[in-house]
Amino acid sequence: MSIRSKAVVVGIGETPTDRLGSKPGEPRKSSAQYISWAMRLALDDAGLSLRDFQGQGLGVTIPTAYPQPFWPEEVAEILGITPGFLLGGATGGAGAVSLLGGMAAAINSGLIDLALIVGAAAPFSEHWGGGIQPGDMRDWEIPYGTMGPNSKIAMVMRRHMHQYETTLDHFGKIAVAGRYHATLNPLAYLRQPMSIDDYKNSRLVADPVRLFDCVMPANGGRAFILASPERAKSLRKKPVYLKGFGERSNPSYGPRSGSDALIMGVKDAGRVAMEMAGVRHRDINFLQLYDDYIVVVYLQIEDLGFCEKGDLGFFERTDFTFRGQLPIQTSGGMINVGQPSTAGGTLHILESVRQLRGEGDARQVPNVKIGLCTGLGVLPYGKNLGCCAVAVLGNEE
């Protein structure tokens, strides 16, 4: 089934990110407050009211550490609406892009003609604990010193450096481009200019992963609104069309007992999304790639087919800034804007919409028509990220 151009983004909302609550006595907000704030911003952007969403769609990204499974229903209570179709984004950082595809399918089916997708987290002011660890992590990772995502991604990064002779200069180019864009984004948290040397000299976290390789946890909320093309005709902003969508979860490249950790499900999800959209690589004007780590951005550029695996020359000669041949992370990415748990991945949809509307301000990519964004979630045992979703967006039907 194709959902090409069957749903459009008509509103976006993004709160500033902060880290309030990390120090005693600081003022703080709850995740309920951030999610309501983001919703209001999206409603204002679209020219809609809360009444418009009675009996319509509600999609909610589920924070990783939340202690019970009914968060989407709780969000409906917080927002004061009665959805006719409720979806939970339970694929970690891929949740927002997954919900984009799922709600577009619901709109295409005629079940709804509007959908509100929201997410928020306040890890510095709300402390839910780490939850129950999966069995493979408990039995085969923690006892052997693999202490969370930093340790896991360090092995992926080291493998790439060993197999393809990738250096910190190659990874650093991605980091510096993202930080440059963050200096132009008033909603970014980290806005201090950064050089390659700053990146290379940042402190080690899990060798070879450095501080500036890592995403920054933060408080905040994000939201967007989908509509049918017919409903969008009466709304405030020019619609942005979902042109293509693809998803792969629990991918394995090679034997499942020894999957190639340098390849992600983005490889196939991206192919499906681009085929649905009817676009080729040369048609895509920018990439907004899920960026929990710099090496993950690097791998996605390879897996999406913009270069061959291990093509160091491509990274050396390509300008990744908004003025360059392949603009990426034009908001600064989560690494610089901040990651409110699983709601963080929504950022890449919001920035894609801004760019396609021509609202990128000082970081606007010129002459844009098509953009691609991704979401990734879960670092499973023995392979790379386990939930992968890709969306191709465009400003023309």
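Throughout, residue positions are numbered sequentially from 1 according to the sequence presented.
Put simply, the residue from E351, H348, R363, Q364 that forms a side chain to side chain donor-acceptor pair (under 3.5 Å) with T330 is E351.
Of the N and O atoms on the side chains of D292 and Q339, not one donor lies less than 3.5 Å from an acceptor on the other residue. Looking only at atom types and distance, the side chain of Y164 has no donor-acceptor partner in the side chain of D311 under 3.5 Å away. Of the N and O atoms on the side chains of T321 and D319, at least one donor lies less than 3.5 Å from an acceptor on the other residue.
Taking each heavy atom of A188 and A182 in turn, the nearest pair found is CB-O, 3.6 Å. Closest approach of H181 and Q329 over heavy atoms only: ND1-O, 3.0 Å. Nearest heavy atom pair, residue M334 against residue G345, reads SD-N, 3.7 Å. Shortest non-hydrogen contact noted between C214 and V205 is SG-CG2, 4.3 Å. Between C388 and L376, the shortest heavy-atom distance links the atoms SG-CD2, 3.7 Å. When all heavy atoms are compared, the tightest approach of V97 to A389 is CG1-CB, 3.6 Å.
Atom CG of N395 is separated from atom CD1 of I370 by 7.0 Å, given to the nearest 0.5 angstrom. To the nearest 0.5 angstrom, L114 atom CG is 7.0 Å from S228 atom OG.
In this structure, the side chains of T318 and F306 stay at 4.5 Å or more apart for every pair of heavy atoms. Contact check for S195 versus D198: side-chain heavy atoms found under the 4.5 Å cut-off.
Between the side chain of R191 and the backbone N or O of T183 there is at least one donor-acceptor pair closer than 3.5 Å. Put simply, the side chain of Q300 gets close to the backbone of V296: a donor and an acceptor are under 3.5 Å apart. Under the 3.5 Å distance criterion, the side-chain polar atoms of N108 are left unmatched by any main-chain donor or acceptor of A104. Judged purely by atom type and a 3.5 angstrom limit, Q288 has no side-chain atom pairing as donor or acceptor with the backbone of G371. No donor-acceptor pair closer than 3.5 Å links the side chain of R179 to the backbone N or O of I335. Checking side-chain atoms of R19 against main-chain N and O of N219 turns up no donor-acceptor pair under 3.5 Å. Checked by atom type and distance alone, the side chain of E126 pairs as donor or acceptor with a backbone atom of S31 at under 3.5 Å.
Under the rule for a side chain to side chain contact (heavy atoms under 4.5 Å, CB included), the partners of Q33 that lie at least two apart in sequence or sit in another chain are K29, S30. By the side chain to side chain contact (heavy atoms under 4.5 Å, CB included) test, S202 pairs with R210, L211, F212, sequence neighbours left out. Taking the salt bridge (Lys or Arg N to Asp or Glu O under 4.0 Å) definition, one finds that K243 meets it with nothing, sequence neighbours left out.
Identified under the salt bridge (Lys or Arg N to Asp or Glu O under 4.0 Å) test for residues 387-397, with sequence neighbours left out: none. Residue pairs meeting the salt bridge (Lys or Arg N to Asp or Glu O under 4.0 Å) criterion with at least one partner in residues 44-65, sequence neighbours excluded, are D45-K237, D45-R357, D52-R231. Within the structure, every pair that satisfies the salt bridge (Lys or Arg N to Asp or Glu O under 4.0 Å) test and touches residues 159-171, not counting sequence neighbours, is listed here: D169-K200. Residue pairs that meet the salt bridge (Lys or Arg N to Asp or Glu O under 4.0 Å) test with at least one member in residues 296-308, sequence neighbours left out, are E302-K309, D303-K309.
In the hydrophobic clustering (ILVMFWY side chains linked at under 4.5 Å, chained through shared members), Y253 is joined by I263. I62 shares a hydrophobic cluster with no other residue; no ILVMFWY side chain has heavy atoms under 4.5 Å from its own. Applying the 4.5 Å side-chain rule to ILVMFWY residues, one finds that F124 remains a lone member of its cluster.
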Counting only pairs under 3.5 Å, give me each side-chain donor-acceptor contact of residues 81-90, with atom names and distances, residues two or more places apart or in other chains.
none

Which atom pairs, one a donor and one an acceptor, fall under 3.5 Å between side chains of residues 35-42 and the rest of the protein, sequence neighbours left out?
unit_1, atom_1, unit_2, atom_2, d
S36, OG, A32, O, 2.9

In sequence, state the C-alpha distance, the side-chain angles, and the governing distance for Y293 and N150, and then conclude on side chain to side chain donor-acceptor pair (under 3.5 Å).
-> CA-CA 9 Å; Y293 296 94; N150 293 336; 2.6 Å; yes
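Between F315 and H170, a ring centre-to-centre spacing not shorter than 6.0 Å is recorded. For an aromatic pair to be called close, the ring centres must be under 6.0 Å apart, and Y298 with F171 satisfies this.
Between D283 and K369 there is no salt bridge, since no side-chain nitrogen of the basic residue lies less than 4.0 Å from a carboxylate oxygen of the acidic one.
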